[in-house]
Amino acid sequence: MAPVPAEYREVVPKQNTFSSWRGRLAQRAVHGAWAWVQRTGSVTAERPGRFRFGSLGTGTRLAFPLGTVFGEPWIHLGAHCIVGEQVTLTAGLMPDLDLGPDPILRIGDGVVLGRGSHVIADTTVTIGSDCYFGPYVYVTSTNHSYDDPHQPIGKQWPRMEPVEIGSGCWIGTGAVILPGARIGRNVVVAAGAVVRGEVPDHAVVAGAPAKVVRRWTPAEGWQPPLRTPAPVPIPDGVTPEQLVALSDLDDATVARLAELDEDESENGAEGQVEEGAGTRARSLGPAAPGGGAPATRLAALDSDG
């Protein structure tokens, strides 16, 4: 009989020293303690700790552990922001500088800064409201210079230019925003892109250096055209129970729902089914606004069945 290959031989597992109840208990204690440390160490307007931000809005939270943070009096954060773990926020070249009466780093309301991101504001950096940053995004208003070929680059005085990021932008993982960048509203910056200069509103940029690969205008819409249809949001008023019911539908029921949609479109019902179906649906309440009314259609199917 041929010998059994080594990769198929039975492997006798070694005893796991943490498989005992003591090990499991210790593991739970460690995880519980770390969760408590994270909750306690997070920074909010009500519990700023040692930090004295120029402004820290309601509902904003900086997750623990923080990255490097200094120049807080010149850092203004809006309301309901989420700042992930290990995010660096700095104003000025170094700590303990007097930067004057005006804010240096301004972050609007509802901004999300992903884990490990850096925002370096040696001169003014402005981030508009409702911007979302992926992990490890790097934004800086300072760049090295190499004018003097005889001096080490790290010892030469850096160049500084203000940075502006418009509201509603999406900044992908690992993107770099260089000094002097002026990014418009509702711009998508692809992961790993390196952005400098001006980017128009409603654009998608990618690459290093970043270039506009798609843009929306009122006259032409998206050019080049989008390859997939826009996602359809869940209509207002739909309950979790109704969503669960929709997920359990079989193909035949889905086809019947599609027929009801077609009937609504043909009759111009605008969110209401035919009178008979609507009557049968009243037991589940009014139709959801927005023309979808999945609760109404489900009720109609239940009554028919």
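Being a predicted model, the structure only gives us computed values, none of them experimental.
- Between Thr40 and Arg47, the closest heavy-atom pair is CG2-NH2, 3.7 Å.
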Inset, instruction - Applying side-chain contact (heavy atoms from CB on, under 4.5 Å), run through Asp130 and Val111 and close with a yes or a no. - result: CA-CA 5 Å; Asp130 299 314; Val111 172; over 6 Å; no
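- When all heavy atoms of Glu161 and Gly180 are compared, the closest pair comes out as CB-N, 3.4 Å.
- Between Cys131 and Ile165, the closest heavy-atom pair is SG-CG2, 4.1 Å.
- Nearest heavy-atom pair, Ala210 versus Val195, reported as atom, atom and distance to 0.1 Å: CB-CG2, 3.8 Å.
- Note that OG1 of Thr60 is 9.0 Å distant from CD1 of Ile107, once rounded to the nearest 0.5 Å.
- For Thr140, there are no side chain to side chain donor-acceptor pair (under 3.5 Å) partners at least two apart in sequence or on another chain.
- The closest side-chain heavy-atom distance from Pro162 to Val125 is not below 4.5 Å.
- For the pair Pro179/Asn143, a side-chain contact is recorded, criterion being any heavy-atom separation below 4.5 Å from C-beta on.
- Between the Asp201 side chain and the Arg185 main chain, a donor and an acceptor come within less than 3.5 Å of each other.
- The CZ atom of Phe51 sits 12.0 Å away from the CZ atom of Phe70 when rounded to the nearest 0.5 Å.
- A donor-acceptor pair is defined here as one N or O able to donate and one able to accept, closer than 3.5 Å; such a pair exists between the side chain of Asp109 and the backbone of Ala79.
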Inset, instruction - Show the numbers, then the answer: is there a side-chain contact (heavy atoms from CB on, under 4.5 Å) between Trp170 and Val204? - result: CA-CA 9 Å; Trp170 181 281; Val204 180; over 6 Å; no
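- Although no hydrogens or angles enter the test, the distance criterion places no donor-acceptor pair under 3.5 Å between the side chain of Arg215 and the main chain of Gly221.
- Here the straight-line distance linking atom CZ of Arg28 with atom CG of Leu25 works out to 8.0 Å at 0.5 Å rounding.
- The environment of CD in Glu198 is sparse: at most 12 heavy-atom neighbours from other residues, nucleotides or ligands sit within 6.0 Å.
- Proximity of Val87 to Leu89: side-chain heavy atoms (C-beta onward) are separated by under 4.5 Å at one or more points.
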Inset, instruction - Report the C-alpha distance between Thr44 and Leu56 in whole Å, list the side-chain angles of each, state the deciding distance to 0.1 Å, and finish with yes or no for side-chain contact (heavy atoms from CB on, under 4.5 Å). - result: CA-CA 7 Å; Thr44 64; Leu56 189 59; 5.5 Å; no
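- Residues Phe133 and Ile127 have side chains in contact (heavy-atom distance under 4.5 Å, counting atoms from C-beta outward).
- Between the side chain of Gln242 and the backbone N or O of Thr239, at least one donor-acceptor pair lies under 3.5 Å.
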Inset, instruction - Check the pair Asp122, Ser141 against side-chain contact (heavy atoms from CB on, under 4.5 Å), reporting the backbone distance first and the verdict last. - result: CA-CA 6 Å; Asp122 296 335; Ser141 64; 3.9 Å; yes
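- One hydrophobic cluster holds both Leu105 and Leu66 under the rule that ILVMFWY side chains link at heavy-atom gaps under 4.5 Å.
- Checked for salt-bridge contact, Glu72 and Arg52 miss the test: no charged N lies under 4.0 Å from a carboxylate O.
- The backbone N or O of Gly71 sits nowhere less than 3.5 Å from a side-chain atom of Thr90 that would complete a donor-acceptor pair.
- Summarising the geometry, atom OG belonging to Ser42 is positioned 8.5 Å from atom CG belonging to Leu62; distances are rounded to the nearest 0.5 Å.
- Across Gly110 and Cys81, no two heavy atoms sit closer than the pair N-SG, 3.8 Å.
- Cluster membership for Val213 and Val189, using ILVMFWY side-chain heavy atoms within less than 4.5 angstrom, is not shared.
- Put simply, Val194 and Val137 are part of two different groups of oily side chains (I, L, V, M, F, W, Y) that touch within less than 4.5 Å, one to the next.
- For the pair Asp147 and Arg159, the salt-bridge criterion is met [side-chain N within less than 4.0 Å of a carboxylate O].
- Looking at Arg214 and Leu226, their side chains come closer than 4.5 Å, going by heavy atoms from C-beta outward.
- The backbone N or O of Gly116 lies less than 3.5 Å from a partner atom in the side chain of His118, making a donor-acceptor pair.
- With contacts defined as side-chain heavy-atom distances shorter than 4.5 Å, the pair Val187/Ile171 does not qualify.
- Relative orientation of the Trp216 and His202 rings is perpendicular, given thresholds of 30° and 60° on the angle between their planes.
- Residues Asp102 and Trp74 form no side-chain contact, since every pair of their non-hydrogen atoms from C-beta on lies 4.5 Å or further apart.
- Val43 and Val37 end up in the same hydrophobic cluster when Ile, Leu, Val, Met, Phe, Trp and Tyr side chains are linked at under 4.5 Å.
- A distance-only check finds a donor-acceptor pair linking the side chain of Thr88 to the backbone of Thr68 [under 3.5 Å].
- Dense packing is recorded around CG of Asp250, with more than 12 heavy atoms of other residues, nucleotides or ligands lying under 6.0 Å away.
- Heavy-atom contacts from other residues, nucleotides or ligands closer than 6.0 Å to CD1 of Ile234 number 12 or fewer.
- Looking at every heavy atom in both residues, Ile75 comes nearest to Ala91 through CG1-CB, 3.9 Å.
- Under the 4.5 Å side-chain heavy-atom criterion for Ile, Leu, Val, Met, Phe, Trp and Tyr, Val69 and Leu113 are members of the same hydrophobic cluster.
- With rounding to the nearest 0.5 angstrom, the OG1 atom of Thr126 is 9.5 Å from the CD1 atom of Ile104.
- Under the 4.5 Å side-chain criterion, counting only non-hydrogen atoms from C-beta, Ile177 is in contact with Ile183.
- Separation of atoms CH2 (Trp157) and OG (Ser145) is listed at 10.0 Å; rounding is to 0.5 Å.
- The neighbour count for Arg196 CZ, taken as heavy atoms of other residues, nucleotides or ligands under 6.0 Å away, does not exceed 12.
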